[in-house]
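Right, one structure below, let's go through it.
Not measured: the values here are computed from a predicted model.
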Amino acid sequence: MAATLSTALDVHYTIPHSSDTKRSTIFFTSPLKFHTKRFTILCTSSKSPPKPPPPNLAEPQQQKNPSLSDQLKPLSSTILTDTTNKDQLSQTHLLSKPKSIWVNPSKPKRSVISLQRHKRSPYSYNPQIRDLRLFAQKLNDCENSEGAFMSVLEEIPHPPTRENALLLLNSLKPWHKTHLFFNWVKTQKLFPLETIFYNVTMKSLRFGRQFQLIEELAHEMIADGIELDNITYSTIITCAKRCNLFDKAMEWFERMYQTGLMPDEVTYSAILDVYAKMGKVEEVLSLYERGRASGWKPDPITFSVLGKMFGEAGDYDGIKYVLQEMKSLGVQPNLVVYNTLLEAMGKAGKPGLARSLFEEMIGSGITPNEKTLTALVKIYGKARWARDAMELWERMRSNRWPMDFFLYNTLLSMCADLGLEEEAERLFEDMKRSEQCRPDSWSYTAMLNIYGSGGSVDKAMKMFEEMSELGVELNVMGCTCLIQCLGKAKRFDDLVRVFGVSVERGVRPDDRLCGCLLSVVSLCEDSGDVEKVLACLLRANPKLVAFVKLLGVEKTSFEIIKEEFRVILSDTAVEARRPFCNCLIDICRKRNLHERAHELLYLGTMYGLYPGLHNKTANEWCLDVRSLSIGAAHTALEEWMGTLSKVIQRQEALPELFSANTGTGTHKFSQGLGSAFASHVEKLAAPFRQSEEKAGCFVATREDMVSWVQSRIQSPAGTT
DNA sequence: CCGGGCATAG
């Protein structure tokens, strides 16, 4: 198999792997692509094309309005018909800032947004407001049934005039009661129900996510000839969005244009958010550009929508673009915008930029809230920036910045990320003493994570017992942390008990928990223990257990392993695939199935689980084992040495430097891949030395490598 | 007293 794997590793020399495929930089590196892409908002990239209005919808009154998709013809086609020298124009315009396109158009573009916000009608002071508020409270407090509601309603202190009815309608919750009251007012027929009555009712229905009812009301408005205004549409659209009915949101947005109503910026940013939530980045940017071209100066909420979208995409260039746009338009970010952008920076993996953005925010005089601090604490924890995390924590205390439940739990998780056991314990005690923030399932899980990764088994078990006593739910992550910890401590009987209790208490094992059990199997010295742990795994993933057994059957062919492993991996969550492969390799090595281990590493490489394992330049060949388990790293090193021997024997060109990167294990609790690697290198007497410049890197010169390989060829000792 | 944006995990 060795030859086959070297072939696989060789494949890596030539195929550049890209780990950055999720970056979308449409707008910034390739404006041409963006602007020339044919785009119609409702048709092209939507999985479900827009349906015609349902038959019970009245026909829109004004057919003269083009559909939105017609209005949003690609910018490029509009520009190119305006000139004879198309090539030149497309060059100059597409490379300049998009908005410059609109400086002097021969025909003004049709506007897509109304620059005037919908005006609200003023209301006059109602002297009965006090009575009516008390009455509304009474209605809110009564039993949530039609009978109870109607009998309280008979005690209404003042006649339900238009103003009184509106006031009551505005004060009612939950949505059932608003709806009952709306219907009651309708049956009274004391005055015609105007748009505002529908709007207020819809707002309440949206709280209860009652899209069906909202749509019924909208159809009723259409049938009765009651005008739908921007407030109506934005409420319908945001309700559809919250119910994940994106097609519905688009359908109503489209209908709005068709009836000749121009969205104002509230409706417009609501629909931008709909597209953003669907991940339609290009569509959002196109809409944004069209709005800008109509003379719209977006407000902070719009930028928050854009920032969130780029954050979800992990697109740092996009986040930069949002900041630039705000700057050039003179829009000052508010607290929510900063919160969104901080979170986005975290998702884009830019802790340093998140830190400067936070300082900029403080500098501009904005006080952070719980959400700001939650985002930042999470970022520092994940980046393992212990110093920044502790400084921030100190600032939170000395400035008395607000704390809440999320923030407590995030601080606990940060302690887990940084290995701060004592700090976490103090925090946890604070929470127990507090009124508002008693530890919940998240808090206990964080503690299980801290004790689990720190190897404090007894403390972890104490948490587990405490959870049972207090009735705190154990979730799959807490269970995984505990199992991992018990496994490392070789307390297999406790492990089996914890697993059983967890499943009884409703924990549904996921792929990460299976990976954890598999890693415990690789730690077992005794075959009886192996069976115990496999029995747990059998309840969660019988196929995986069958595969583990198959690996030990000597006559199993490589082809069978290949196919069965493929099936296993395709049934496995992406984030658990490499851990599975690592553990399986470890298991094989533990059982002295070294050939099998090499086969699995080969297959793992084939199936793309180890991108960038081997990097080759003219000067340096580097084996990057940072994402490998100890057994897998040993296997990869052996494989690499085998390949090098052949290359040297064939007298092919070699680089000056060889290096193996184990990483430094920035996590306090990481398992020490570097030292394991060092001792394996020592056992092989390979000429690798710890690099002085680069921590976690082992280096060897060409001369040393060649003489070592040649000595091994002469006396092939210690080849396993 | 009618409409839009922000948070917790192995």
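Taking atom OH on A:Y380 and atom C1' on B:dA7, their separation rounds to 17 Å, with Å as the unit. Counting to the nearest Å, the P atom of B:dG4 and the CG atom of A:D229 are 13 Å from each other. Nucleotide B:dA7 holds its P atom 13 Å from the CG atom of A:L342, rounded to whole Å. Distance A:M256 CE to B:dG3 P: 15 Å, rounded to the nearest Å. Rounded to a whole Å, the NZ atom of A:K277 is 8 Å from the C1' atom of B:dG5. Rounding to whole angstrom units, NZ of residue A:K347 and P of B:dA7 are separated by 7 Å. Atom CG of A:L169 is separated from atom C1' of B:dC2 by 10 Å (rounded to the nearest Å). A:M447 has its CE atom 16 Å from the P atom of B:dG10, to the nearest Å.
Here the side chain of A:S114 pairs a donor or acceptor atom with the backbone of A:Q116 at under 3.5 angstrom.
For A:K371, the side-chain atoms get nearest to B:dC6 when compared with the rest of B:dG3, B:dC6, B:dG5. Comparing B:dG10, B:dG5, B:dC1 by their nearest atom to the side chain of A:D273 picks out B:dG5. With distances taken from any side-chain atom of A:H118 to the nucleotides B:dC1, B:dC6, B:dC2, the minimum falls on B:dC2. Listed candidates were B:dG10, B:dG5, B:dC2. Nearest to the side chain of A:P300 is B:dG5. Of the candidates B:dA7, B:dC1, B:dG4, the closest approach to any side-chain atom of A:K241 belongs to B:dG4. The side chain of A:E370 lies closest to B:dA7 when the candidates are B:dG3, B:dA7, B:dC6.
Look at A:K119 and you won't find any side-chain N or O under 4.0 angstrom from OP1 or OP2 of B:dC2. For A:K308, no side-chain nitrogen or oxygen approaches OP1 or OP2 of B:dG5 to under 4.0 Å. Taking 4.0 angstrom as the limit, A:K203 places none of its side-chain polar atoms (N or O) nearer than this to OP1 or OP2 of B:dC2. Phosphate proximity of B:dC2 to A:R206: absent, as no side-chain N or O sits under 4.0 Å from OP1 or OP2.
Counting distance only, with no hydrogens placed and no angle test, the side-chain atoms of A:T267 and the base atoms of B:dG3 include a donor-acceptor pair under 3.5 Å. For B:dG4, the base has a donor-acceptor partner in the side chain of A:D299 [N/O atoms by modelled type, under 3.5 angstrom]. Contact annotation: side chain of A:N170 to base of B:dC1, donor-acceptor pair absent below 3.5 Å. Side-chain atoms of A:R117 come within donor-acceptor range of the base of B:dG4, with a qualifying N/O pair under 3.5 Å. Between the side chain of A:T235 and the base of B:dG3, no donor-acceptor pair of N or O atoms lies under 3.5 Å. No hydrogens or angles were tested; on distance alone, a donor-acceptor pair under 3.5 Å links the side chain of A:D510 to the base of B:dG10. With hydrogens and angles left out, the side chain of A:D264 and the base of B:dG3 share a donor-acceptor pair within 3.5 Å.
Within 4.0 Å of A:Q484, counting heavy atoms only, lies no atom of the nucleic acid at all. At the heavy-atom level, A:I129 lies under 4.0 Å from base atoms of the strands shown. Residue-level contact check: A:N409 touches the bases, meaning some heavy atom is under 4.0 Å from a base atom. Among the atoms of the strands shown, base atoms are found under 4.0 Å from some heavy atom of A:N334. Contacts of A:N369 with the nucleic acid, taken as non-hydrogen atoms under 4.0 Å apart, are absent. Base contact: A:T302 has a heavy atom under 4.0 Å from a base atom. Counting non-hydrogen atoms under 4.0 angstrom, A:R162 reaches nothing in the nucleic acid. Counting any heavy atom pair closer than 4.0 Å across all strands shown, A:V200 reaches sugar-phosphate atoms only and no base atom. When heavy atoms are screened at a 4.0 angstrom cut-off, A:I196 is found touching base atoms of the nucleic acid.
Ring to ring, A:F310 and A:Y316 are not that close: their centroids are 6.0 angstrom or more apart. For A:F358 and A:Y380, the gap between ring centers reaches or exceeds 6.0 Å.
Residues of residues 171-181 of chain A that place a heavy atom closer than 4.0 Å to DNA chain B do not occur.
In this structure, A:F253 and A:Y257 have perpendicular ring planes: the angle between them is above 60°, well past the 30° mark.
For the pair A:Y408 and A:L427, the minimum side-chain heavy-atom distance is below 4.5 Å. For the pair A:L306 and A:E325, the minimum side-chain heavy-atom distance is 4.5 Å or more.
Closest of all the heavy-atom pairs between A:N230 and A:D264 is OD1-N, 3.0 Å.
Judged by distance alone, the side chains of A:S443 and A:N409 do bring a donor and an acceptor atom under 3.5 Å apart. For A:E215 and A:W252, the side-chain atoms include at least one donor-acceptor pair closer than 3.5 Å.
Rounded to the nearest 0.5 Å, atoms CG (A:N334) and CE (A:M326) are 8.5 Å apart.
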